[in-house]
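Let me begin by presenting the structure, written as structure tokens, before commenting on it.
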Amino acid sequence: MTAWLSFVAIGVLASLAGALWRVWRGPAPADRMMAAQLVGTGGVAVLILLAAVQDWAALDVAVALALLAALAAVGFVKAGTPDGAGDPEEEAPPADMQLSAMTPDAAAQVGRTRRDPDRRRGDG
Amino acid sequence: MTAALGLALDAALCALILGVALAVVAGRGVFRAVVFFIVYGLLAAVAWVRLDAVNVALAEAAIGAGLTGVLLLAAHGRLRRAEAAQDLAHGMPWSAALAGGALAAALGWAWFEMPIPVEPGPELAEALPRAGVGNPVTAVLLNFRAWDTLLESIVLLAALIGVWMLAREGDWREPLGRPQHARPGGVMAGFGRVLPPVGLLVGVWLVWAGADHPGGAFQGGTVLAAVGLVAVLAGVIRPPWIGAPLWQGALVLGPAVFLLAGIAGAVLAGGFLTLPEGFAKPAIVTIEVALTVSIAVTLAFLVLGPPEAEGAG
Amino acid sequence: MADLATLLFTALGLVFFAAGTVGLIRFPDTFSRLHALTKADNLGLGFIALGVAFQAESWAQVARIALIWVLALLAAGAVAQLVARAALMRRGGA
Amino acid sequence: MAALSIYALTGAALVGLGFFGLLAARHLLRRVVAFNLIGSGLFLYFGAAATRGAAPDPVPQALIITGIVVALAASALAVALVVAQVRAAGRATLPEEEDAP
Amino acid sequence: MSALLACLVLPLLGALAAVALPRRAVAAVLAGVVALTLVAAVGLAVAVHSGGVVRLALGGWSPPLGIALAADGLGAAFVLLTALVMAGVAAAARDEMTPQGAGPRAAFGFWPLMLLLWGALNAVFLSRDLFNLYVGIELLTLAAVALVAIGGRAEAIAAAMRYLIFALAGSLLYLAGVVLIYGAHGTLDIDLVAARDAAAPDGLALALMTAGLLVKTALFPFHVWLPPAHASAPAPASALLSALVPKASFVILLRLWFEAMPDLGTDRALLLLGVLGAAAILWGSLRALVQARLKLIVAYSTVAQLGYLFLVFPLAGGAAGAQPWTAGAWTGAIFQALSHGLAKAAMFLAAGLFMAAAGSDRLGALRGLARVMPMTAFAFALASVTLISLPPSGGFTAKYLLMTSSFAAGQWIWALVMTLGGLLTAGYLYRPMAALFAREGGEGVQTVARARQAVPLVLAGLAILLGILSAAPFDFLQIGRPEAAEEGP
């Protein structure tokens, strides 16, 4: 079984090479991102396979990788928004983003989250 | 058969790693380099598992692929306007290629010339049972070479103060990082609410398991930092400002507990950083928990960057 | 029996990964690549996870494998949606 | 041992590639990336060296974890400096390296 | 032992307190930490003087498992130098680095960074473990780069960036050597490395570590990062950076070439280090001659003065063993490092006061300042005496020792370089002195409090005192001196 699982791991790695070609080519940043995402998923798959082959502790690595891949993905998406700090689901704001230029609910969001530190200060 | 397949796996993995590294260095475009670097981190984590170093694999997955990636991505998001500027040197920089090649060749040569040392095997085998924890890497980090680890936790603090020194004068009292925003009720905001509880669990588990299984303060702290960052990026929580007392306390808690434990060792057990046998495990766990808090907060703040006012390009 | 299940599911997983990669390389535009991809790689991971779960020595390991898959699914789903949106915005703006 | 040599030589090559990148890159963010590549390659080399004996030596693993964390701290400061540099000077290169296109 | 411990722990605890405590409490804590650490440094020196080398195995684990610390004459002397300079800088910056004076950002950052730098320096001066030294110099680097960045202006940020790139490249080269050492010998302890069975990659390891440390010490031709970095930091930070930081990597170099691997010091390698040092003396001095700003003159002077340190390698190093002149050369180089540290700190602090008074450090703006600030101008002149190596300063003793050794060793070329360097030093320091002591100018400048003017004077005076009392420090520096530099029968 170990041999077979190693073989599958090699196969997944080989398919990752194809995904890497897409990261290289692009052309859109979204292409690079999605391809990188595929590499991430593939890496997690390889780690799961290695857990069975070598050491079950590798599962913890896979968990950490999956979690951090999610963070990197959010970073990806954020980096793609006009001001680098937004959310593609907001209406496209002008390049020089100001509070006044935000959609009402986005402004409300900023206003709401801004109250948080004050509340914390009250607690502490 | 299995051995041959294992070797093939290693070869394939290393080929991918080298290809990715080449793409990082040689490809035009900063965004491409950053994306390839994140991919590199993923593959390196797999390589560490192959090298029977799960503790390192955890650190690499969390720090190399995760936090460093987000750090670079966020910076790239800021710098797009400056990207028109020059990316690589013009033409082929032969002297750089020569230097890099010589260094690689020298290290490659050294690999085959390097004898396998006997030390510190015997000393280690003798001392490990007295170290208080079952995970030998944790024993080295928090007992045998605790002074390294203590200094390292302070290195993080120094870097953070350095990052803060790059704030603009007028922004000093603002919350840390750029103001993040997301559509309320949207996918990203939802993400920022679902992921943190899961991540919290994983982070705490890694610290807890670290005493006897792979894991530890740095790995767990990094995961916790990532959790906080997701929440901040998704606009769910707002980061504090410099000088918020509770947070400043969290920053120094780990190094302070570590230093004070070290001094206590000097007073009670006859040496700085000496953990009395029998008391070593609770001491290590206490230090680890405090360190985890500080590491998580410091790393999250490091990635967020200096405080910045609204609307400042 | 467990070995057979492992064999079957991991093989299926590998097929899906390969298919995802082919799609990623061959499909003509960003959007179709995106759609092909998110389905294929998560199915691939799912099958591999399932296959390996048959080899697990304890329920804790199975639970961790499940957690990994859920995390990957969650991330991939959310990200696909956001990326599609971002790509759309960029295309609309250009 | 053969497998270990693969990793060690990969590590050595990574150090060389990273060093090349550090010297050849102009964009400062690329230099930060190259620096990380060097460190990572060095650690891989070290990790392979640590696995040569009968049982893996935990000391290098601990040192590598320390090194990874230190590298992150340095990277974070470097990235913040790049951002500040762009804000202050409008470009992501060092002033003396802005050779004419 | 408790003094050694206090030297390591107090600055770090102080730094943590400076981050966590509210602003008002910080001032009191700072004063306490600075005073106590100074006392501890003196205590350590006394302990080493009376009882010989002080050793400590951290955590009760002795090498190769644990990390060993040791305070020998060399280490204790640098710890004491650091404490003196730090105390001086703290006193000088007390009124400057406040929210009112320098803004909340600099006022918050300067104090913890200064203390972290202090902790890192002491950790490096006392450590016997190669990897621990790596962590120490990384802490040092990050704190130092952050101190440059406090300057805030575009040129300071570019200088900090350049500094960081060079320093990180240097750290990685050093680390590569450490990896090779551990890979081959399974130990990182300097004494165990000294007792190792030689292995083929040892030479490569030493070369890599040395290259990395040379970059960090800003030896010619790796010096380009230093002048802009030291010139664009705030004056108290510049004083720390120029007086102390390059000495840390120099001390590691001494430990490597004289204690860990003296067997690898081939004549050619030692000669190369000496030639680079000589080139640094000449090139740094020539560059200092043509600068128009005082801080840049002082910074290029650091490049030149660091060059003298490297003459120790051809004069005292090598596997050939002890020669009658090695003790003199070895001690001379350390004297140079100590007296340069004191004098350079005084110079940068004085430059800061001139800038505060005249609003600029262009030589033209400094004309006639000596009449308004006689004390500071006198301190600057006194520091110059040490750098030019006029008797009876510490700089004179240093160069006297180095010169007699070079004649005794038959390597008179170094003496020639030193003579030339002395003349050039006099040349580049003449220009700011001529401006300061000019008869006209100096009207309408802001006055600076006397207490602040006293600090550079004290530091410059200590550099002179080092020369007058040279016999006692000479003996002190022999405590725990490595065999390779031991005097012959």
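The figures that follow rest on heavy atoms only: side chains count, while hydrogens, waters and symmetry mates do not. Here is how names work: the chains are called A, B, and so on, in the same order as the sequence lines, proteins then strands, and each is numbered from 1. Model, not experiment: these values are computed from the prediction.
The heavy-atom pair separating B:T274 from E:G60 by the smallest distance is OG1-N, 3.4 Å. For B:P239 against B:L176, the heavy-atom pair with the smallest separation is CG-O, 3.1 Å.
Of the listed residues (E:L116, E:N132, E:V148, E:L69), the one with the most heavy-atom contacts under 4.5 Å to chain B is E:N132. Comparing B:A159, B:P115, B:A158 by heavy-atom pairs within less than 4.5 Å of chain E, the highest count is held by B:P115. Most heavy-atom pairs under 4.5 Å with chain E: of the set B:A127, B:G243, B:A146, this distinction falls to B:A127. Most heavy-atom pairs under 4.5 Å with chain E: of the set B:L275, B:L260, B:V252, this distinction falls to B:V252. When each of B:D148, B:L156, B:I154, B:L107 is scored by its heavy-atom pairs under 4.5 Å with chain E, the top score falls to B:D148. Ranked by heavy-atom pairs under 4.5 Å with chain B, the first of E:A184, E:G109, E:A199, E:A20 is E:A184. The most heavy-atom pairs under 4.5 Å with chain B, out of E:A146, E:P104, E:A57, come from E:P104. Ranked by heavy-atom pairs under 4.5 Å with chain E, the first of B:G265, B:G262, B:P255 is B:P255.
Between the CG atom in B:L166 and the CD atom in B:E308 there is a gap of 11.0 Å [rounded to 0.5 Å]. E:L142 CG to E:I137 CD1: the interatomic distance, rounded to the nearest 0.5 Å, is 11.0 Å. Separating the CG atom in E:L12 from the CG atom in E:L115 is a distance of 8.5 Å, to the nearest 0.5 Å. Distance check, rounded to the nearest 0.5 Å: CG of E:L16 to CD of B:Q248 gives 11.5 Å. Atom CE of B:M114 is separated from atom CD1 of E:I181 by 10.5 Å, given to the nearest 0.5 angstrom.
Of the two parts of B:L103, only the side chain, counted from C-beta on, holds a non-hydrogen atom closer than 4.5 Å to a non-hydrogen atom of chain E. Of the two parts of E:L208, only the side chain, counted from C-beta on, holds a non-hydrogen atom closer than 4.5 Å to a non-hydrogen atom of chain B. Interface residue B:A106: backbone and side-chain heavy atoms are both found under 4.5 Å from chain E. With a 4.5 angstrom heavy-atom cutoff, E:L188 touches chain B only via side-chain atoms. Of the two parts of B:L253, neither the backbone nor the side chain holds a non-hydrogen atom closer than 4.5 Å to a non-hydrogen atom of chain E. Only the side chain of E:D129 comes within less than 4.5 Å of a heavy atom of chain B; its backbone N, CA, C and O stay farther away. At a 4.5 Å heavy-atom cutoff, the contact between B:L124 and chain E is made by backbone and side-chain atoms alike. Interface remark: E:L58 contributes backbone and side-chain atoms alike to the contact with chain B (heavy atom separation under 4.5 Å). Looking at E:V135, both its backbone and its side chain come within 4.5 Å of chain B, counting heavy atoms on both sides. The parts of B:W147 that come within reach of chain E are both its backbone and its side chain, each placing non-hydrogen atoms under 4.5 angstrom from that chain. Heavy atoms closer than 4.5 Å to chain B are found in the side chain of E:L204, but not in its backbone. Neither the backbone nor the side chain of E:L140 comes within contact range of chain B, judged by heavy atoms closer than 4.5 Å.
Ring geometry for E:Y134 versus E:F131: interplanar angle of 30 to 60°, hence tilted. Between B:F144 and E:W61, the ring planes lie perpendicular to each other; the angle is over 60°, past the 30° to 60° tilted range.
Between E:F110 and E:P234 there is no side-chain heavy-atom pair separated by less than 4.5 Å. In this structure the side chain of B:F37 reaches within 4.5 angstrom of the side chain of B:T68, judged on heavy atoms. Under the 4.5 Å side-chain criterion, counting only non-hydrogen atoms from C-beta, E:L117 is in contact with E:M86.
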